[in-house]
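Note that these values count all heavy atoms, side chains included, but never hydrogens, waters or copies made by symmetry.
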Amino acid sequence: GITIEHLQSNDSASLVEAIHAARGRAQGIIINPGAFTHYAWSLHDALSAFDGSVIEVHLSQPQARESWRHTSVVAPAATGSIMGLGQQGYLLAVDAIASRLSA
């Protein structure tokens, strides 16, 4: 079976620490970086050092919002992105990670 751990934080340092702690222990990360999406290069660097799959999730569609939301510094470190599908995005991300693990 699949074990899922959850962490919610408004502190980017806590998220970076959790990503580093997942190295060598977890096979995938699903992240909704919220506003960190647009400027948190520390998240980009931590995710880039992670060996497993990374799925970026956004409840809304950033491209349909303000222009400053159109750039993601997380996307280049992600295996894939799911946007604009609300909470269903998380379920799709879990399915995507599970599918990659069974391939």
Name each donor-acceptor pair under 3.5 Å that joins a side chain in residues 46-54 to protein atoms two or more places apart or in another chain, with its distance.
from, atom 1, to, atom 2, distance (Å)
Ser48, OG, His44, O, 2.9
Ser53, OG, Arg100, NE, 2.7

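Closest heavy-atom contact between Leu43 and Pro33: CD1-CB, 4.2 Å. Closest of all the heavy-atom pairs between Val57 and Ala93 is CG2-CB, 3.7 Å.
Using a 4.5 Å heavy-atom cutoff, the side chains of Ile97 and Gln27 are not in contact.
In this structure His38 satisfies the ring-ring contact (aromatic ring centres under 6.0 Å, His included) test together with Trp68, sequence neighbours excluded. Every side chain to side chain contact (heavy atoms under 4.5 Å, CB included) that Leu7 has, sequence neighbours left out, goes to Leu15, Ala18. The side chain to side chain contact (heavy atoms under 4.5 Å, CB included) check on Val73 picks up Trp41, with sequence neighbours excluded. Ser60 pairs by the side chain to side chain contact (heavy atoms under 4.5 Å, CB included) definition with Arg65, not counting sequence neighbours. Listed by chain and number, the residues in a side chain to side chain contact (heavy atoms under 4.5 Å, CB included) with Gln61 are Gln63, Ala64, Met83 (sequence neighbours excluded). Not counting sequence neighbours, Ser42 has no partner by the side chain to side chain donor-acceptor pair (under 3.5 Å) test. The side chain to side chain donor-acceptor pair (under 3.5 Å) search around Tyr90 returns Asn32, not counting sequence neighbours.
Residues in residues 79-88 take part in these side-chain hydrogen bond (donor to acceptor under 3.5 Å, both in side chains) pairs, two or more places apart or across chains: Glu56-Ser81. For residues 22-35, the set of pairs meeting the salt bridge (charged side-chain N to carboxylate O under 4.0 Å, His left out) definition, not counting sequence neighbours, comprises Glu5-Arg25.
Interatomic distance, CD1 of Ile82 versus CG of Leu59, reported as 11.5 Å (0.5 Å rounding).
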